[in-house]
Amino acid sequence: MVPLNTLAEVIKAADRDLKLTMMEIGAAQVGDVKEPFRALLDAFPGSQIVAFELDKQLCANLNRTGPRGIRYYPVALGRREETRPLYETVHPMCTSLLKPNEALLSCFNNLEVAMLKSIGSVDTISLDRFAGDTGVRDVDFIKIDIQGAELEVLEGGATTLRDTVAVVSEVEFVPLYSGQPLFGDVCRFLSEQGLMFHKFLGLAGRTVRPTIVNDDPNFAVQHLWADAVFIRDLLRLSELTSPKLLKLSLLSNLYGSPDLTFHCLNLYDKQCGTKVLQTLLER
């Protein structure tokens, strides 16, 4: 991968006003997790992250103490505007609009955190409605992790997705929540929006009880979920505007795809008559 400061320097020489608008849906950080795309806030001043988290007090604290450029909204996104059950789990990070599939969860080691604790309710709003109400436009990137409800949020954001060059979504391979869409469902919908599957960022899972493999209760014999990267269809990248090509090149590099970074810069040079890729390779 190209160091971000080197790539950013070359790109800003080509487009000094480049700014990104990104969304982080399900923004509470677990442990020391640091999302790669957040580094773009410093690299490209004026960029912004629109972040969503249900806990109002947490949002208020994050807005007061968090990094510049991130705005947190205590908003529940869904397919449409409606009141929904909210299934609160043993660990808040597993809380979902969908009911935990406890019969399946109990088959695996160390998934007690996802068991049902209580049922509340929440008012949801579609992503497109939120964007229209708040004036958030031209969203370049979406990171989404909301425990099985990713597809319905994406379905409620079809208009927003028209401008999006990349999506990183948590996906499941088995229904850990009752009736939840699986990876194939998310992949099919995003393909219909012009976003193709690119790769997985690791594969997570568990072992089937009562066996524990390698003394690790989290050992992933059975693959259960992953973060999946989706990008604009490779066959239509030449239709992107030049700023969008630069943005996809940055995001690709952050998520470990330097080949796609170079491909985007090559297309940019053909559009603009520049030598950005050559300059980068010389560095």
Side-chain angles (χ1 to χ4, degrees), residues 19-28 35 37-38 40 46-56 59 62-63 69-86 95-98 121-172 177 179-198 227-233 236-237 239-241 243-244 247-248 251:
K19 302 177 183 65
L20 294 93
T21 295
M22 300 165 281
M23 284 187 167
E24 188 172 4
I25 304 171
E35 295 292 351
F37 65 91
R38 290 190 173 202
L40 295 173
S47 296
Q48 63 173 328
I49 295 173
V50 180
F52 301 86
E53 187 53 53
L54 289 180
D55 189 314
K56 292 183 179 180
C59 281
L62 290 170
N63 282 328
I70 306 180
R71 176 68 181 175
Y72 293 87
Y73 292 86
V75 171
L77 296 175
R79 186 178 291 110
R80 61 181 69 90
E81 292 67 53
E82 59 183 340
T83 300
R84 294 280 298 275
L86 182 67
T95 294
S96 176
L97 295 175
L98 304 177
S121 65
V122 66
D123 293 327
T124 63
I125 183 174
S126 73
L127 179 54
D128 284 343
R129 177 67 180 271
F130 171 86
D133 289 350
T134 57
V136 175
R137 296 181 178 86
D138 197 13
V139 176
D140 301 299
F141 172 75
I142 296 174
K143 169 67 168 64
I144 181 168
D145 179 356
I146 51 172
Q147 307 303 310
E150 289 83 7
L151 178 57
E152 63 178 272
V153 171
L154 294 170
E155 288 175 335
T159 299
T160 301
L161 286 168
R162 292 175 186 170
D163 297 316
T164 303
V165 296
V167 172
V168 174
S169 175
E170 184 177 78
V171 295
E172 276 77 37
Y177 295 86
Q180 78 167 107
L182 301 180
F183 166 65
D185 303 303
V186 176
C187 190
R188 180 169 52 251
F189 174 76
L190 287 176
S191 178
E192 292 169 353
Q193 314 311 308
L195 290 152
M196 64 181 284
F197 172 67
H198 181 51
D227 279 342
V229 181
F230 299 86
I231 61 169
R232 275 290 146 199
D233 191 326
R236 304 190 67 175
L237 288 187
E239 299 174 11
L240 293 178
T241 64
K244 291 290 185 180
K247 293 172 182 180
L248 182 54
L251 292 161

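In what follows, every heavy atom counts, from backbone to side chain, and hydrogens, waters and symmetry copies are set aside.
- The main-chain N or O of Met196 is never found under 3.5 Å from a side-chain atom of Asp233 such that the two would form a donor-acceptor pair.
- In this structure, the side chain of Thr124 engages the main chain of Arg80 through a donor-acceptor pair within 3.5 Å.
- Rounding to the nearest 0.5 Å gives a distance of 11.0 Å between OG of Ser169 and CZ of Phe197.
- Rounded to the nearest 0.5 Å, atoms CG (Asp145) and CD (Glu35) are 8.0 Å apart.
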As a quick check of understanding, evaluate salt bridge (charged side-chain N to carboxylate O under 4.0 Å, His left out) for Glu239 and Arg236, giving each step before the final call. CA-CA 6 Å; Glu239 299 174 11; Arg236 304 190 67 175; 3.0 Å; yes
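- You'll find the side chain of Val165 stays beyond 4.5 Å of the side chain of Ile231, heavy atoms only.
- The main-chain N or O of Lys19 is found under 3.5 Å from a side-chain atom of Lys247 such that the two form a donor-acceptor pair.
- Residues Ile70 and Arg38 form a side-chain contact, since some pair of their non-hydrogen atoms from C-beta on lies under 4.5 Å apart.
- Put simply, the side chain of Leu161 reaches to within 4.5 Å of the side chain of Phe189, judged on heavy atoms.
- One distance of note links NZ of Lys244 with CG of Leu237; it measures 13.0 Å at 0.5 Å rounding.
- Contact annotation: the side chain of Ile125 approaches that of Asp133 to within less than 4.5 Å [non-hydrogen atoms, C-beta and beyond].
- Contact check for Met23 versus Thr164: no side-chain heavy atoms found under the 4.5 Å cut-off.
- The aromatic rings of Phe141 and Phe37 lie tilted to each other, with the angle between the two planes from 30° to 60°.
- Using modelled atom types, one side-chain atom of Asp140 and one backbone atom of Thr21 make a donor-acceptor pair closer than 3.5 Å.
- The shortest distance between side-chain heavy atoms of Val168 and Leu251 does not fall below 4.5 Å.
- Atoms CZ and CD, on Arg71 and Gln48 in that order, are 11.5 Å from each other to the nearest 0.5 Å.
- Rounded to the nearest 0.5 angstrom, Leu190 CG and Phe230 CZ are separated by 5.0 Å.
- By the 4.5 Å heavy-atom criterion applied to side chains, Leu40 and Ile49 are not counted as neighbours.
- Taking both residues in full, the closest heavy atoms of Ala166 and Leu195 are given as N-CD2, 4.4 Å, listed atom of the first, atom of the second, then distance.
- For the atom pair CD of Glu172 and CZ of Phe183, the computed distance is 12.0 Å after rounding to the nearest 0.5 Å.
- When all heavy atoms of Ala149 and Leu98 are compared, the pair lying nearest together is N-CD1, 4.2 Å.
- Taking each heavy atom of Ser126 and Gly156 in turn, the nearest pair found is CB-O, 3.6 Å.
- When each of Leu154, Val136, Thr159, Ile142 is paired with Leu127, the side-chain contact (heavy atoms from CB on, under 4.5 Å) condition holds for Ile142 and for no other.
- Heavy-atom minimum distance, Gly148 versus Pro181: O-CD, 3.6 Å.
- Of all heavy-atom pairs spanning Glu53 and Gly26, the tightest one is OE1-C, 3.6 Å.
- Proximity of Arg84 to Glu152: side-chain heavy atoms (C-beta onward) are separated by under 4.5 Å at one or more points.
- Between Val171 and Ala228, the shortest heavy-atom contact is CG2-CB, 4.0 Å.
- For Leu54, the side chain to side chain contact (heavy atoms under 4.5 Å, CB included) test picks out Ala76, Leu86, Val122, with sequence neighbours left out.
- Under the side chain to side chain donor-acceptor pair (under 3.5 Å) criterion, Arg232 pairs with no residue, sequence neighbours left out.
- Applying the side chain to side chain donor-acceptor pair (under 3.5 Å) test to every pair with at least one member in residues 187-196, sequence neighbours left out, gives these pairs: Asp185-Arg188.
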